[in-house]
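The structure appears right after this line, and notes come after that.
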Amino acid sequence: MEFPFDINQLFSERISVLDQTLVAGRKSAGRPDLQAHIATVIDELGRASAKAQQLTAPITSASKLQTQKHQLYLLKDGESSGGRGVVVGFLKVGYKKLFLLDRQGVHVEAEPLCVLDFYIAENLQRNGYGLELFNFMLQHKNLEPVLMAYDRPSPKFLSFLAKHYCLTQSVPQVNNFVVFEGFFLNRAAAQLRKVPPKKPDGEIKPYSLMEREAVRQEQKSLPWPFAPPHSPQRSVASQWSKSLSVGCSPSRAPPRVTPTSSPGCNRNQSPQSPLSDRCRARRTSSQQGLVARCNLYSRHMDTRAVGLLHRCSPGTGLSCFHLSLHPRRTA
Ligand SMILES: CC(=O)SCCNC(=O)CCNC(=O)[C@H](O)C(C)(C)COP(=O)(O)OP(=O)(O)OC[C@H]1O[C@@H](n2cnc3c(N)ncnc32)[C@H](O)[C@@H]1OP(=O)(O)O
């Protein structure tokens with residue numbers, strides 16, 4: 001990725017670590033002109049990453065980086081472009097407080113380091129740059145990839161994790177984050193703690209076989225905005241829905257990785273085949289609509305959504321989860 005300014009002047013190291021300050025080394029400190037160029041680079045990378053992942057808007061930008069406590073690792077190739085250098089890609093990580101389900105389906109609160117965004121320029125992909133960046137970050141954080149959580153990893157990223165780190169067996173979650181087998185073994189490193197069984201503003205109930213039928217019934221008569229687009233309920237703003245059954249996330253890649261025949265970090269594994277096929281199969285249009293409406297509802301109506309994931313038809317690769325919505329209590 002080329003820019004109309006000298007990349008080597010902005011970033012002295014092959015890999016720079018950027019944070020809220022947008023300062024990359026001593027050179028750019030106290031130099032608003034250089035910091036403006038750094039902001040341009042980050043914005044451009046964020047846009048390219050969003051495009052590559054078919055996201056509607058970038059999740060990485062200079063302004064976002066300035067307000068969030070994330071870290072961005074930026075890789076350059078200093079020799080290209082007549083010695084001015086090119087930007088190869090970036091990796092963004094940050095700590096997130098997550099409610100996760102362990103292997104036994106027990107709720108656990110964790111604050112792991114999460115991979116939030118990752119991008120290598122299209123023409124440079126599959127040349128080992130992603131691995132170089134990722135390994136640098138692991139060393140910098142002194143962490144193993146199994147102890148991290150992954151925010152809606154794309155099929156390419158899942159293939160990357162399977163190939164380089166043998167991460168293939170995920171533990172199903174209800175949110176968009178993916179964690180792999182082994183995550184829950186090192187409690188200290190993953191900063192885990194059990195969630196108290198009862199929340200002050202509502203009980204989190206596991207979804208049982210008995211409840212599944214009830215949820216299906218509730219789904220049939222969902223109030224706005226959860227009702228299907230052409231249902232009469234859509235025009236009626238009604239009471240809060242107590243619970244509903246929804247599928248996995250419609251955006252980016254699926255939050256659950258189906259165990260594959262472990263490639264043993266198989267270097268010939270095709271990311272297009274069973275893994276991504278099953279991922280696609282999971283995203284039915286009705287699930288997408290429902291989750292999108294959930295997200296909208298949650299964002300605009302100031303609610304807090306809590307869900308529990310349970311496979312309802314393991315053979316099909318489809319999954320459902322029970323979602324309870326609670327109005328947020330304001331003091
Ligand atoms: C939580 C998140 O950030 S999800 C978003 C992840 N980002 C994206 O999907 C954006 C587009 N993709 C990319 O930018 C890159 O492909 C990355 C960042 C995923 C990987 O970086 P790369 O430099 O390509 O990875 P690297 O060369 O080290 O490793 C190659 C492996 O990654 C995976 N991979 C990389 N590119 C592709 C691709 N186009 N198609 C399928 N798999 C791919 C494969 O496992 C590949 O191994 P293979 O070539 O033997 O099949």
Side-chain angles (χ1 to χ4, degrees), residues 1 13-17 45 48-49 52-54 59-60 70-77 86-96 98 100 110 112-173 176-186 189-190 252-280:
M1 202 175 253
E13 304 297 322
R14 182 169 166 85
I15 297 181
S16 303
V17 188
L45 283 169
S49 178
Q53 296 172 61
Q54 293 164 357
I59 47 178
T60 298
H70 297 155
Q71 278 183 315
L72 189 147
Y73 296 83
L74 185 144
L75 173 63
K76 72 161 187 181
D77 172 359
V86 295
V87 176
V88 173
F90 77 99
L91 170 63
K92 190 175 78 173
V93 299
Y95 289 94
K96 292 255 172 194
L98 302 175
L100 298 168
L113 188 69
C114 303
V115 175
L116 305 170
D117 205 357
F118 190 17
Y119 175 73
I120 297 293
E122 308 298 326
N123 58 328
L124 300 173
Q125 288 176 16
R126 287 185 141 154
N127 281 299
Y129 290 118
L131 183 64
E132 181 182 349
L133 206 42
F134 206 90
N135 279 342
F136 181 95
M137 178 275 296
L138 292 175
Q139 218 176 346
H140 187 244
K141 294 287 182 190
N142 192 21
L143 207 57
E144 289 169 47
V146 73
L147 297 173
M148 300 184 70
Y150 300 89
D151 184 5
R152 288 173 289 170
S154 66
K156 285 184 188 179
F157 189 31
L158 288 173
S159 168
F160 172 93
L161 291 171
K163 174 180 171 160
H164 295 304
Y165 304 108
C166 300
L167 294 176
T168 54
Q169 308 286 316
S170 72
V171 182
Q173 301 300 324
N176 288 316
F177 284 82
V178 167
V179 291
F180 292 90
E181 292 270 13
F183 178 89
F184 296 97
L185 297 180
N186 191 336
R252 215 141 84 176
R256 182 164 65 84
V257 186
T258 313
T260 54
S261 53
S262 172
C265 306
N266 179 1
R267 297 190 165 257
N268 298 320
Q269 187 202 15
S270 161
Q272 304 302 343
S273 51
L275 187 66
S276 50
D277 282 352
R278 262 175 264 158
C279 293
R280 271 193 296 277

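Looking only at side-chain heavy atoms (C-beta outward), Pro112 and Phe183 come within less than 4.5 Å of each other. Side-chain contact check for Arg152 versus Gln53: every heavy-atom pair is 4.5 Å or farther apart. By the 4.5 Å heavy-atom criterion applied to side chains, Val179 and Phe184 are counted as neighbours. The shortest distance between side-chain heavy atoms of Asp117 and His70 does not fall below 4.5 Å. In this structure the side chain of Met137 reaches within 4.5 angstrom of the side chain of Leu113, judged on heavy atoms. Between Phe180 and Leu161, the closest side-chain pair of non-hydrogen atoms falls below 4.5 Å. No side-chain heavy atom of Ser49 sits less than 4.5 Å from a side-chain heavy atom of Thr60. At least one side-chain heavy atom of Met148 sits under 4.5 Å from a side-chain heavy atom of Leu138.
Considering CG of Leu185 and CG of Leu147, their distance stands at 9.0 Å, rounded to 0.5 Å. Atom NZ of Lys156 sits about 13.0 Å away from atom CZ of Phe160, to the nearest 0.5 Å. The line from CZ of Phe136 to NZ of Lys141 is 11.0 Å long, rounded to the nearest 0.5 Å. To the nearest 0.5 Å, the span separating OH on Tyr73 from OG on Ser16 amounts to 11.5 Å. The OH atom of Tyr129 lies 9.0 Å from the CD1 atom of Ile120; values are rounded to the nearest 0.5 Å. Between atom CG of residue Leu133 and atom CG of residue Leu74 there is a gap of 8.0 Å, rounded to the nearest 0.5 Å.
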* Just do the side-chain contact (heavy atoms from CB on, under 4.5 Å) check on Cys114 and Asp151 with the steps written out, would you? => CA-CA 7 Å; Cys114 303; Asp151 184 5; 5.5 Å; no
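Within the 3.5 Å criterion, the main-chain N or O of Leu100 finds no donor-acceptor partner in the side chain of Gln173. A donor-acceptor pair under 3.5 Å links the side-chain atoms of Lys92 to the main chain of Ile59, judged by distance alone.
Considering all non-hydrogen atoms of both residues, Ile15 and Leu75 come closest at CG1-CD1, 3.6 Å. Here the shortest heavy-atom pairing between Ala121 and Tyr119 reads CA-OH, 3.5 Å. Shortest non-hydrogen contact noted between Pro145 and Tyr150 is O-OH, 2.6 Å. When every heavy atom of Glu122 is checked against every heavy atom of Ala52, the shortest pair comes out as OE2-CB, 3.5 Å.
Judged as a ring-ring contact (aromatic ring centres under 6.0 Å, His included), and not counting sequence neighbours, Phe90 has no contacts. Remark: Asn135 engages Tyr165 in a side chain to side chain donor-acceptor pair (under 3.5 Å) (not counting sequence neighbours). Evaluation of the side-chain contact (heavy atoms from CB on, under 4.5 Å) rule for Glu181 yields Arg103, Gln169 as partners, not counting sequence neighbours.
The neighbour count for Glu13 CD, taken as heavy atoms of other residues, nucleotides or ligands under 6.0 Å away, does not exceed 12.
Using cut-offs of 30° and 60° for the angle between ring planes, the Phe118 and Phe157 rings count as perpendicular.
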